Protein chains: 2
Amino acid sequence: MARGSTRPTSRDVAQAAGVSQAAVSLVLGDKWRGRVSAATAERVREAARDLGYRPNLAARNLRLGRTRTVLLVVPALTTEFFAGVYTGASRVAAEHGFGVVLYPSPEGIGPARDPFASAQAALDGVIASSMAADALTAIRGEALPLVMLDSDPAGSLGAATVNLDIADGVRQVAEHLLSLGHRRFLHLAADVPSWTFEVRSRELASRLAGVPGTSVSTARSPISIEGAVPAAQAALSAPGPRPTAVVCDDDLLAAGVYKAARQLGLRIPDDLSVTGLDDLALATAIDPELTTVRLDAELFGERGMRALLAVLEGREPEGGDIPVRLVERGSTAPPR
Amino acid sequence: MARGSTRPTSRDVAQAAGVSQAAVSLVLGDKWRGRVSAATAERVREAARDLGYRPNLAARNLRLGRTRTVLLVVPALTTEFFAGVYTGASRVAAEHGFGVVLYPSPEGIGPARDPFASAQAALDGVIASSMAADALTAIRGEALPLVMLDSDPAGSLGAATVNLDIADGVRQVAEHLLSLGHRRFLHLAADVPSWTFEVRSRELASRLAGVPGTSVSTARSPISIEGAVPAAQAALSAPGPRPTAVVCDDDLLAAGVYKAARQLGLRIPDDLSVTGLDDLALATAIDPELTTVRLDAELFGERGMRALLAVLEGREPEGGDIPVRLVERGSTAPPR
DNA sequence: CGCCCTAGGTTTTACGTATAACGTGCGCTT
DNA sequence: AAGCGCACGTTATACGTAAAACCTAGGGCG
């Protein structure tokens, strides 16, 4: 309708309502009580509605020196896990008038792209997964309020951390497989340098250390179904007695083990027990359904966002790891 | 190091380099040739580096009236498909100095949340999937440059569209199943009102219309593995002759059909052929591997971004649908 | 009656950047 | 020798908003 192609500003609203720009700002910012009469306030709101006024966020951000926008840095977008993290963080953020912008460290784009160049929005703070290794150095350089997800609490140099109790998950897996009678394990580990994966290896080894007659070999693989197939195939056809159970760092790796097993003629769970970690939708789509550790991704995101809000407000973030739970399904059975 | 807690501004850099703020802006904006001596330019750059200067994006956006930031609106984050779209769009955007912000219309957050409140960044334009129905009305209201993904070219009211050639994909599926000898079909359709799904139904019906002795029934399901199971189960155990082939609107639905078939004691592909659409990683993780239509999600995202750039620059967006391709795998065979 | 307080505004300023408009010397041309 | 353009800058201004500081009239109170 408007002739001019530019968007209406608060000044246009002021003119339409017959008041000053300051009055518009007060009314629309809900700070008018005792400063503007109810009638005038209503006139301003009406004018704003008529003109389709939307505040210019760049101007507001500049004025206020903050953006109510937070960056969530994730390693990649291809798993539903981080989708859940985003959903949870976004929900909490919305409750506090914040927005969340996603920075998936994109595969195929140059290695060290600057997240802050990509998310052109100015930022109040950052939540970063420890898996997004490339981005981390850039983040440190910004000196922004930072919350790390699944990162070494000791090595985070003061940044707040929110962690899943992965160690407990691995303990539950080990317990379950030991009680079924397994003794020879293969640990199919993620090929990504990150504290959260180191924990898995360490905890598995430590849990098995006390049990006589156990052995565990390790293979490494990129985190994808197709990527895991060759690694699993090699490890399962290596000389010497074959492992009877494969503990995977991730459900995707477990799906790769299924494929490898099919190609080797091994049947799950009769010839081989398999466990995953995540409980993706995939876990119940494959046959047999996967015994895995359920991670509550949304709660993870919520806690991350809450921690960041706490940091922004100078409070102490809530402590304590997020509990996880073994889900027993058809991919594990006693060894033959 | 710096005592003051606030970030250095271009004025601080100017002072450190002994020049005016304008000179800093010229040098750092790479517009200094013929205006500033090489020596001075170097001094400015050095000062900026020493102070760790980063331009305030809010101020720049306000000044320039544009943000080089684009919003990508997707229905949800849970499928790797839109992850690919994001990756492609992001790559092209980066080549042109743009950033992409993601707005996944989040499940579980109130129904009609305003994407522009969530992405607090000001925006130059929007790329929106036609599946993100809730968000669309809000987008229209903004009068921002808009590119629609997989949307009715006729009904898009002037907005540019970039489409996958889904109709051709469905034709290839129908052709494949007909040539195997199938005549009774079940169409497991997505329970989402969107042009891209209407196309699937229409095209399937139209392709089968010319072939005598064919029949197709339709069942609807939400787009998720678990959601598809009851719908598939009901449709496959309905009275009357059972369909010999199930055409699914999405790979996730196909995975649900696998589960339903297992529970009904039907074997794939002996008792039932199944096809999907997307070619997710899931497609080769399930057994038998899924015959499906491969969509090039990254190319889709790239084309979407290119179209938006064209709109922003007043050019005509490139036309033509993106080709898709049937991938024959183990889930389809002649009916018994 | 003089004063202050309050309601109901307005004027002004600052946020940090990009750039248009405006100097200034100096060397070169004619 | 007058002038003119070029090299090298600087000064001033605008973007749109939020909010501090300021103004004014009227009523209540001592």
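Since the structure is predicted, the reported quantities are computational estimates derived from the model, not experimental observations. Quick note on labels: first sequence line is chain A, next is B, and so on, each numbered from 1.
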Once you round it to whole Å, what is the distance between [atom2] of [N] and [atom1] of [X]?
X: A/Leu57; N: D/dC15; atom1: CG; atom2: P; answer: 18 Å
X: A/Arg63; N: C/dG16; atom1: CZ; atom2: C1'; answer: 13 Å
X: B/Arg66; N: D/dC15; atom1: CZ; atom2: P; answer: 16 Å
X: B/Arg54; N: C/dT17; atom1: CZ; atom2: C1'; answer: 16 Å
X: A/Arg60; N: D/dC15; atom1: CZ; atom2: P; answer: 19 Å
X: B/Arg11; N: D/dA12; atom1: CZ; atom2: C1'; answer: 11 Å
X: B/Leu26; N: C/dA21; atom1: CG; atom2: P; answer: 15 Å
X: B/Leu64; N: C/dA20; atom1: CG; atom2: P; answer: 11 Å

Would you classify [X] as touching base, sugar-phosphate or nothing, given that sugar-phosphate means primed atoms plus P, OP1 and OP2, and contacts are heavy atoms under 4.0 Å?
X: B/Val24; result: nothing
X: A/Thr9; result: sugar-phosphate
X: B/Leu62; result: base

Considering just the side-chain nitrogens and oxygens of A/Ser10, establish if one lies under 4.0 Å of OP1 or OP2 belonging to D/dT17.
yes
What's the separation between atom [atom1] in [X] and atom [atom2] in [Y], rounded to the nearest 0.5 Å?
X: B/Ile127; Y: B/Leu149; atom1: CD1; atom2: CG; result: 6.5 Å
X: B/Glu42; Y: B/Glu46; atom1: CD; atom2: CD; result: 6.5 Å
X: B/Asn56; Y: A/Asn61; atom1: CG; atom2: CG; result: 9.0 Å
X: B/Leu51; Y: B/Ser10; atom1: CG; atom2: OG; result: 11.5 Å
X: A/Leu308; Y: A/Arg303; atom1: CG; atom2: CZ; result: 13.5 Å

Nearest heavy-atom pair of B/Asp12 and B/Arg7: which atoms, and what distance?
OD2-O, 4.3 Å
Determine whether more than 12 heavy atoms belonging to other residues, nucleotides or ligands lie under 6.0 Å from atom CD of A/Gln21.
yes
Checking D/dG16, C/dT19, D/dA18 against the side chain of A/Gln21 (C-beta onward), the nearest is D/dA18
Does anything in residues 29-49 of chain B reach DNA chain C, meaning a heavy atom under 4.0 Å, and if so which residues?
B/Lys31, B/Arg35
Return whichever of B/Val19 or A/Tyr53 has its heavy-atom-nearest nucleotide of DNA chain D closer to the 5' end.
B/Val19
